[in-house]
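Both counts, for ligands and for their atoms, begin at 1 and track the order of listing.
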Amino acid sequence: MDLLETGAADLGVTLDRVQLDQFRLYYGELIQWNNHVNLTAVTDYEQVQTRHFLDSLTVDAVLPDTLRRSGRLLDVGSGAGLPGLPLRIAHPGLNVTLLDATAKKTAFLKHITRVLGLKDVEICTGRAESLAHDQTLRGMYDVVVSRAVARLSVLSELILPFCKVGGLAVAQKRGNVAAELCEAQVAIKSMGGVVKEVVDVEVEGVVDAAMLVVIEKTSATMERYPRRPGIPSKHPL
Ligand code: SAH
């Protein structure tokens with residue numbers, strides 16, 4: 001995990017032996033499960049360190065310090081746990097929930113959190129459109145993160161309802177972010193969000209790190225959002 005260790009240090013995140021061992025274990029289980037569950041196209045030891053683990057840790061750059069120590073973070077469309085699980089490994093005080101619609105993926109998430117001994121990580125199986133109406137989840141998170149799930153006009157409707165007023169949504173994005181942002185203006189505003197910043201984090205060893213679109217939730221999301229499963233992507237606002 002040398003690439004991860006130096007890259008993380010470059011981001012200001014110090015990983016100790018125990019944490020590096022957890023990442024090593026995570027890698028091994030990911031590759032093994034990937035034989036029967038479609039979790040990742042990237043399997044090479046070095047590439048997983050940079051394109052998955054380090055890319056996930058770039059989110060750290062926009063997390064307020066108090067939140068890193070004890071905040072509630074939700075990862076929507078977490079898949080194999082990215083970016084939520086690397087953030088939890090790096091910050092044991094962070095209270096993390098991983099959500100995905102696919103039961104096979106959440107079975108892996110339950111397995112890996114058990115293997116890593118992370119007892120306090122919550123795993124939710126279901127569509128964000130439905131779970132965002134669950135009163136135990138809606139408006140409950142200090143920060144909601146998401147990587148590679150949907151374009152911003154759709155994603156805003158899936159992630160912002162989970163945020164507390166005053167909380168943040170962080171979307172990891174590649175490609176033409178300006179165009180996506182432009183197209184997502186109505187959706188972001190409708191969910192009670194305001195774009196705070198777009199951050200391009202540079203990390204040693206990561207050629208193509210995702211940009212971070214940071215949205216602040218300034219008012220509560222109206223009850224009618226998110227719309228029914230599938231509607232946000234079929235008819236983006
Ligand atoms: N975030 C991970 C996985 C990206 S793949 C990564 O960056 O590697 C997209 C994931 O989002 C899939 O696992 C899929 O099951 C999940 N997903 C897509 N739409 C969703 C929705 N509406 N609600 C919940 N999960 C969703």
Atom CD of Gln185 with >12 non-hydrogen neighbours under 6.0 angstrom
yes

Does Tyr27 have its ring centroid less than 6.0 Å away from the ring centroid of Phe53?
no

Can a donor-acceptor pair be found between the side chains of His133 and Arg228 at a distance below 3.5 Å?
no

Mind checking ring pair (Phe, Tyr, Trp, His ring centres under 6.0 Å) for Phe108 and listing every partner two or more places apart, or none if nothing turns up?
Trp33

Would you kindly say whether Tyr225 and Ser190 are connected by a side-chain donor-acceptor distance under 3.5 Å?
no

Minimum-distance pair of heavy atoms, taken over all atoms of Leu160 and Ile188
CD1-O, 4.1 Å

Which pairs of N or O atoms, one from ligand 1 and one from the protein, are separated by less than 3.5 Å, and what is the distance for each pair?
from: ligand 1; atom 1: 1 (N); to: Gly77; atom 2: O; distance (Å): 2.7
from: ligand 1; atom 1: 1 (N); to: Leu82; atom 2: O; distance (Å): 2.8
from: ligand 1; atom 1: 1 (N); to: Arg147; atom 2: O; distance (Å): 2.9
from: ligand 1; atom 1: 7 (O); to: Arg147; atom 2: O; distance (Å): 3.3
from: ligand 1; atom 1: 7 (O); to: Arg147; atom 2: NE; distance (Å): 2.6
from: ligand 1; atom 1: 7 (O); to: Arg147; atom 2: NH2; distance (Å): 3.3
from: ligand 1; atom 1: 8 (O); to: Arg147; atom 2: NH2; distance (Å): 3.2
from: ligand 1; atom 1: 13 (O); to: Asp100; atom 2: OD1; distance (Å): 3.2
from: ligand 1; atom 1: 13 (O); to: Asp100; atom 2: OD2; distance (Å): 2.7
from: ligand 1; atom 1: 13 (O); to: Lys105; atom 2: NZ; distance (Å): 3.1
from: ligand 1; atom 1: 15 (O); to: Asp100; atom 2: OD1; distance (Å): 2.6
from: ligand 1; atom 1: 15 (O); to: Thr102; atom 2: OG1; distance (Å): 3.0
from: ligand 1; atom 1: 22 (N); to: Arg127; atom 2: NE; distance (Å): 3.4
from: ligand 1; atom 1: 22 (N); to: Glu129; atom 2: OE1; distance (Å): 2.9
from: ligand 1; atom 1: 23 (N); to: Ala128; atom 2: N; distance (Å): 2.9
from: ligand 1; atom 1: 25 (N); to: Ala101; atom 2: N; distance (Å): 3.2

